[in-house]
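So the structure is just underneath, and the comments pick up after that.
The structure presented is a predicted model; accordingly, all values stated were derived computationally and were not measured.
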2 protein chains.
Amino acid sequence: MPTSKRPKILIIGTGAVGGFYGGKLARAGYHVSTLCRSDYEIVKSKGIKVKSSWGDFHYRPVEVIKDITEYKGCPDYVIVTLKALPEIDIPALIRPVISSSTAIVLIQNGIEIETAIQENFPNNDLISGLAFICVSRIKPGQIHHQDYGRLALGLYPKGESDSVKFLAEILNTSGVTCTISKDIIRERWKKLLWNASFNTISVLTRADTKMILENENTAELVFKIMQEIQTVAAASGHKIDVSILHKHINDTRKMKPYRTSMLLDCETGKEMEIEVILGNAILIARKHSIEVTNITCLYGLLTLINNRINQASA
Amino acid sequence: MPTSKRPKILIIGTGAVGGFYGGKLARAGYHVSTLCRSDYEIVKSKGIKVKSSWGDFHYRPVEVIKDITEYKGCPDYVIVTLKALPEIDIPALIRPVISSSTAIVLIQNGIEIETAIQENFPNNDLISGLAFICVSRIKPGQIHHQDYGRLALGLYPKGESDSVKFLAEILNTSGVTCTISKDIIRERWKKLLWNASFNTISVLTRADTKMILENENTAELVFKIMQEIQTVAAASGHKIDVSILHKHINDTRKMKPYRTSMLLDCETGKEMEIEVILGNAILIARKHSIEVTNITCLYGLLTLINNRINQASA
């Protein structure tokens, strides 16, 4: 639990999400450092530029490091905003900076992303977070925040803690709407309804959200996918009312046409987050003998695309 | 029924399939004319060049016409090799040249493609045909025949006729292996097993047959799609043994990696044959209350891609 009013924050992964929220905190005066890999040189020398619908800004992290062992001292918060990919061993990556008082924060998509962290750091506060934001990395050190931006944080697996409350408070102070959920896993399943349907369909059809909803067949498919996720969520103890499914779809209808982050990943030859979006839900379904034909079909198609992306970039 | 040893043959649609088989017949000395639309000028002035694994050749049809009413006399065979698309009204297109003795031949993919012809020309011999061939149109007037080439012909809906036997005979004489099936609709369902799975998956993943079968998830999906088609076929009276499904997959494993014709259509912005490959099977499934979740999922995705192709080319 952080003890300082100016906690030391280390952002792991300075893509769109980490770059944006780290920037909001840094601009508000908080002590934000960042671990960069591909963008290290440019961020070290020039900082990060953010084009944002909330107002453009630029910032320089206190420390910009390429290797975790370069970090000076102990962070109060380690905020992981890396994509949730199976080959990234987050516990190994962050271990060198984790002390008993470090709160570990995961702002990532998908489900079952917390397990490995909890097993490796059972005594640390583990905060699970969801970003509701349209943001993308335009090029190294440059981020474009198009719309939305709310964060939901909660102690994993349930409840709350001083570390959650304090982080939410400084984020709100920094201009980021941040809500606390005492049942963050349920929130995760609710967000999965959207990602499992719109992200996947958008990749396979190369279409934006408007096109998907205007075609009767894909609009129907969106709903069927959401129903499968809803069923799996219920089996794992997280009941979600059908009204949430309809709300997701109606809210999406009102959005500007949106090309999902998974579609952008696919188009730019970056590995997609298939396992945490679909694979883990399919495993849970199997454990409960639930048939999830649609998401298994989509999963099959997307793993082939992902394999080819990985082969091309190998 | 043709009465001449040198029957008049009119090919409708001079794409890859029509151009190839028409060419084989023409080179063997048969009286072959062709209705061309987009390739009219080049075919009229230069004929058709065929690069073929059986030996390259060039030919000039007896008549090259742009409008069906230009055709002189009555054809003994009208061979339709157009893509099977909902907006093409084949009965209206061919009506001006159909006499009581004309045999109408459909060499097209999919199922339920014969219904409109039979309703409009109930007294003509209707021959349903399937081409097992890897062939593509490289550019106007130029065709590339990569592999295979067998034709299966049969009287619709069942049985045989002199017109079928005679056409098979002249094709065999021309160097095309042509078999006669007394149950051609069953053959159509068997071919659909392949098209409904490999064509569709190839479009959605942009992958060739080898990639599809090397990925365990898509290989499994191929089999599940084939099982759905098998169930619908059985409900409509055409039992297909599961060994045929395995044979399709094993034969495809042995093939050179193949990019399906539907994938080529998609990549070149041409409308795909979604309705006759999936849509009609789904309608039959619905009539028999059979659940076909996988093909309905694929159908949804592909109709969205097709809509966008059609909008782009409108």
Side-chain angles (χ1 to χ4, degrees), chain A residues 196-228 257 259 263 266-267 269 272 274-275 278-279 282-283 286 290-312, chain B residues 196-228 257 259 263 266-267 269 272 274-275 278-279 282-283 286 290-312:
Chain A
S197 50
F198 284 101
N199 271 292
T200 57
I201 295 175
S202 73
V203 169
L204 294 167
T205 60
R206 316 282 160 113
D208 64 35
T209 49
K210 183 167 186 270
M211 295 167 184
I212 291 169
L213 289 175
E214 278 179 356
N215 178 300
E216 197 183 307
N217 301 315
T218 39
E220 233 173 71
L221 183 58
V222 164
F223 191 71
K224 287 186 201 161
I225 294 166
M226 288 188 176
Q227 283 181 309
E228 289 185 352
R259 292 170 66 76
L263 173 57
C266 176
E267 289 185 337
M272 302 177 290
I274 306 301
E275 295 305 329
L278 293 181
I282 293 170
L283 290 178
R286 212 167 280 165
I290 298 167
E291 262 200 32
V292 283
T293 310
N294 284 296
I295 63 173
T296 307
C297 176
L298 300 172
Y299 176 77
L301 298 169
L302 291 167
T303 58
L304 177 50
I305 299 177
N306 237 8
N307 287 354
R308 295 176 58 207
I309 287 172
N310 288 339
Q311 280 165 16
Chain B
S197 49
F198 284 100
N199 272 293
T200 57
I201 295 175
S202 72
V203 169
L204 295 166
T205 61
R206 315 284 159 115
D208 64 35
T209 49
K210 182 166 186 270
M211 296 167 182
I212 291 170
L213 288 175
E214 278 179 356
N215 179 299
E216 197 183 307
N217 302 315
T218 39
E220 231 172 73
L221 183 57
V222 164
F223 190 71
K224 286 186 202 160
I225 293 166
M226 287 187 177
Q227 284 182 309
E228 289 186 352
R259 294 169 66 75
L263 173 56
C266 176
E267 289 185 337
M272 302 177 290
I274 306 301
E275 295 305 328
L278 294 180
I282 293 170
L283 290 179
R286 211 167 281 164
I290 298 167
E291 263 200 31
V292 283
T293 310
N294 284 296
I295 62 173
T296 306
C297 176
L298 300 172
Y299 176 76
L301 299 169
L302 291 167
T303 58
L304 177 50
I305 299 178
N306 238 8
N307 285 353
R308 295 175 58 208
I309 288 173
N310 287 339
Q311 279 164 16

#### Entry: Which atom of B:D208 lies closest to which atom of B:P257, heavy atoms considered
OD2-CB, 3.6 Å
### Non-hydrogen atoms of A:E228 and A:I295 that approach each other most closely
OE1-N, 2.9 Å
From [atom1] ([X]) to [atom2] ([Y]), nearest 0.5 Å:
{"X": "B:I212", "Y": "B:N217", "atom1": "CD1", "atom2": "CG", "value": "13.0 Å"}
{"X": "A:N306", "Y": "A:Y299", "atom1": "CG", "atom2": "OH", "value": "9.5 Å"}
{"X": "B:N199", "Y": "B:R259", "atom1": "CG", "atom2": "CZ", "value": "12.5 Å"}

### Message
If you define the side chain from C-beta out and look only at heavy atoms, does anything of B:I225 sit under 4.5 Å from B:L221?
### Response
yes
### Task
Please tell me if the side chains of A:F198 and A:L213 come closer than 4.5 Å, counting only heavy atoms from C-beta onward.
yes
### Task
Select, from A:L298, A:T296, A:T293, A:L301, the one with the greatest count of heavy-atom pairs under 4.5 Å involving chain B.
A:L301
### Summary
The interface call for B:L302 against chain A, heavy-atom contacts under 4.5 Å, is neither
### Task
Report, by ascending residue number, the residues of residues 200-207 of chain B in heavy-atom contact with chain A at a distance under 4.5 Å; give 'none' if the set is empty.
B:I201, B:L204, B:T205, B:R206, B:A207
### Message
Looking only at heavy atoms and a cut-off of under 4.5 Å, which of B:L304, B:N307, B:I305 has the most pairs with chain A?
### Response
B:L304
